[in-house]
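Structure, as structure tokens:
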Amino acid sequence: MCCSISSKLSIVYSAQSYSAYTTSNYLCAMQRTEQERIRRESLAALRALGIEPYPAAEFTVTHRSKRLAAEFKDGLAVTLAGRIMSRRIMGKASFAEIQDSEGTFQLYLNRDELCPGEDKALYNTVFKKLLDRGDFIGISGETFTTQTGEQSVMVKELTVLSKSLKPLPAVKVDEDGKVHDAFADPELRYRMRYVDLVVNPGVKETFEARSKVMQTIRTSFDGAGWLEVDTPVLQAIPGGAAARPFVTHHNALDIPLYLRIANELYLKRLIVGGFEGVYEFSRNFRNEGMDRTHNPEFTVMELYVAYKDYHWMMQTTENLLSDICQAVHGDTKANLNGTEIDFAPPYRRVTMRDAILEHTGVDIDGKSEAELRAACEQVGIQTDDSMGKGKLIDELFGEKCEHHYVQPTFIMDYPVEMSPLTKVHRDNPAYTERFELMINGTEVANAYSELNDPDDQRQRFEDQLKLGERGDDEAMFIDQDFLRALEYGMPPTSGIGIGIDRLVMMLTNQTSIQEVLLFPQMRPEVFDQGPDEKGLQALGVSEAWTPHLVGAGFDRPEALEGLSPGGLREKMNGYRKKNKLDIPALTLEEVETWLSARN
RNA sequence: GACCUCUUAGCUCAGCUGGUUAGAGCAUCUCACUUUUAAUGAGAGGGUCCUGGGUUCGAGUCCCAGAGGGGUCACCA
């Protein structure tokens, strides 16, 4: 019985190959690697056996790998589904690793257990020959423990759920958990995240941690009675921050629109409207450089709560971060590049003045722009005329202080010039009630006692405009509607923005933002257009020669441009000889016809 | 945007001062094997050496230009 199926199969094979080797399928086949061709032949062979490689029906599992391992005992009837990640075939018995959403589990396939009757094709042909690493299968069977003590499932039934046509990278993990031949090229990993997730252990965990971070925030804020909201991504005035926006165009209104650089001004309008607390996970877009900590689109969680100030916000923040770290690690401590970061409150609070004083010896208090410029130059910071007081102080802090704050630290009381949306400090009008949370030398959050004095806000916007005229191309636009909203009255409010991507980096020990974004921005990939055999034939290329022209690299009419007839004829006849083609050699006239048709 | 650097088989990588037919491990294919686990043993196939020019008797290797990636810097509330 088994033999008769194999012989039926071999007929299928040859029939398939024969029909494939005629026209367009052959051309596609030329583009594929050997391994892909073999997998497509297996696909056809499965169909020939009456097995649909992409079945529509639901497949219901009873277990997933991780829980099964935890609750394991011998003799359980289980149904699992997942991807075949490895196979160890030993004649009439085999072991395989199946990978589902939780992890992997070992399968034991015994020919006579899987095929108790006369027909052994499911084991001998389907499993051993036609299935590959990467294919999805569903199995039912009984749990048992092998002689070497490995938890396994003795497979009694096997269902093909999806055939994989491209081979996965051959990553192997040894007994010590050491990864061999890792799929490590960042370009390939980010462009094909789906492969990265399948093949590299640990990648999933990063994104599960990311989800936990967001869940913890939601649970905490919802518990406090604050409302999660959605505000416009397409904005006529890109406000709330200073950055170069992406511009697009709305056809019906015939106006330019900008992708938001921030959502701050909209959330404040909602506080004006009477919500006590609102928050949003805001995808922001900034048309600026990309590097290890910047992606053109990134996520900021913004929260605004009425009747609060920035001291309250500091407490709220440190408690929240501590909860988040607990949720991710089960502990308030996280390891970052060998340094232990402790998220347990309270965090150190340092004023910007003290920070700069401590690390540069410069006291910014009461200094004029000229004095600050001199101070910058003195500590080796280059300045130019477009830089105002705020920018100069920002440079001092960014260059000389920022990197010192490794453990979570609130840097507070920023100079008024660098904080146009922040209320002035209750004790000193030169400063504002603003803090940034620094972790590992990077800014993770930015918060204020929000400016709710409409006249002061208008004045600050105008000061920004003046900076813009001096050449600071990131000064803010004036949002008249936002000012009108403030004139209706906004209660005292504290707000914060937390950079979710950077926070996740800190919590997952990643040094690149690309590692915490599922699909980081990349230059678009250029795909081969593939051969254009009809285009070639339109030039007069015979059906017999078309595949060989393609095979030699002249796969579309454009590829013939500017070639000399003699040269092309010589090349193709050489190809004919090398590949021992049983077709007439090309004549010069024939080649000339093609080329003149093209040119 | 500047500089440095990388690109060789499906994956990870060797390849010397330029020199026969470009190699290895895994993966793939064939055969053997009924409790293995980086399974094992025997055999086989698989390459646009990123692309395009140039130097040379001869280029994976040297030169020029380009593409894509990574790093450092610049930019970045």
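As the structure is a prediction and not an experimental result, all values here were calculated from the model. Each chain gets a letter, A, B and so on, in the order the sequences are listed, and its residues count up from 1.
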Apply ring pair (Phe, Tyr, Trp, His ring centres under 6.0 Å) to [X] and list each qualifying residue two or more places apart in sequence or on a separate chain.
{"X": "A:Tyr266", "value": "none"}
{"X": "A:Phe519", "value": "none"}
{"X": "A:Phe397", "value": "none"}

Side chain of [X], base of [N]: donor and acceptor closer than 3.5 Å?
{"X": "A:Gln106", "N": "B:U36", "answer": "yes"}
{"X": "A:Glu264", "N": "B:A77", "answer": "no"}
{"X": "A:Thr148", "N": "B:U37", "answer": "yes"}
{"X": "A:Glu187", "N": "B:G68", "answer": "no"}

Which residues pass the side chain to side chain donor-acceptor pair (under 3.5 Å) test with A:Thr511, sequence neighbours left out?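 Result, side chain to side chain donor-acceptor pair (under 3.5 Å) vs A:Thr511: none returned.
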Please tabulate, for the side chains in residues 440-448 of chain A, all donor-acceptor contacts under 3.5 angstrom to protein atoms that are two or more places apart in sequence or on a different chain.
| residue | atom | partner | partner atom | Å |
| --- | --- | --- | --- | --- |
| A:Thr442 | OG1 | A:Ile439 | O | 3.1 |
| A:Asn446 | OD1 | A:Arg434 | NE | 3.0 |

Check the interface with nucleotides 22-25 of chain B: list each N/O to N/O pair with the protein under 3.5 Å, or write none.
| residue | atom | partner | partner atom | Å |
| --- | --- | --- | --- | --- |
| B:G25 | N2 | A:Asp181 | OD2 | 3.3 |

Nearest whole Å is fine: how far is [N] [atom2] from [X] [atom1]?
{"X": "A:Met290", "N": "B:G69", "atom1": "CE", "atom2": "P", "value": "8 Å"}
{"X": "A:Glu36", "N": "B:C29", "atom1": "CD", "atom2": "P", "value": "14 Å"}
{"X": "A:Leu392", "N": "B:A77", "atom1": "CG", "atom2": "C1'", "value": "15 Å"}

Select one nucleotide: of B:A38, B:U35, B:G10, the one nearest the side-chain heavy atoms of A:Tyr108.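 Minimum distance to the A:Tyr108 side chain belongs to B:U35.
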Once salt bridge (Lys or Arg N to Asp or Glu O under 4.0 Å) is applied, do any residues pair with [X], and if so which ones, sequence neighbours excluded?
{"X": "A:Asp185", "answer": "none"}
{"X": "A:Arg283", "answer": "A:Glu297"}
{"X": "A:Asp456", "answer": "A:Arg460"}
{"X": "A:Arg292", "answer": "none"}

Is A:Arg191 near enough to B:G69 that one of its side-chain N or O atoms lies under 4.0 angstrom from OP1 or OP2?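 So the side-chain polar atoms of A:Arg191 do come within 4.0 Å of the phosphate oxygens OP1 or OP2 of B:G69, strictly under.
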May I ask you to evaluate whether A:Gln514 reaches the phosphate of B:G70, defined as a side-chain N or O under 4.0 Å from OP1 or OP2?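 For A:Gln514, the contact criterion (side-chain N or O under 4.0 Å from OP1 or OP2 of B:G70) is met.
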Strand contacts (RNA chain B) in residues 88-97 of chain A, 4.0 angstrom heavy-atom criterion: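 Here the set is A:Arg88, A:Ile89, A:Met90, A:Gly91, A:Lys92, A:Ala93, A:Phe95.
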Would the distance check show the side chain of A:Arg260 and the main-chain N or O of A:Thr231 forming a donor-acceptor pair, the cut-off being under 3.5 Å?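 It does hold such a pair.
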Would you say A:Asn110 and A:Tyr108 are linked by a side-chain donor-acceptor pair, where the criterion is simply a distance under 3.5 Å?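 Yes, side-chain donor-acceptor contact under 3.5 Å.
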Both atom distances under 3.5 Å, Watson-Crick or G-U wobble: I'd like the secondary structure of RNA chain B as a dot-bracket string, with | for pairs made across strands. (((((((..((((.....[...)))).(((((.......))))).....(((((..]....))))))))))))....
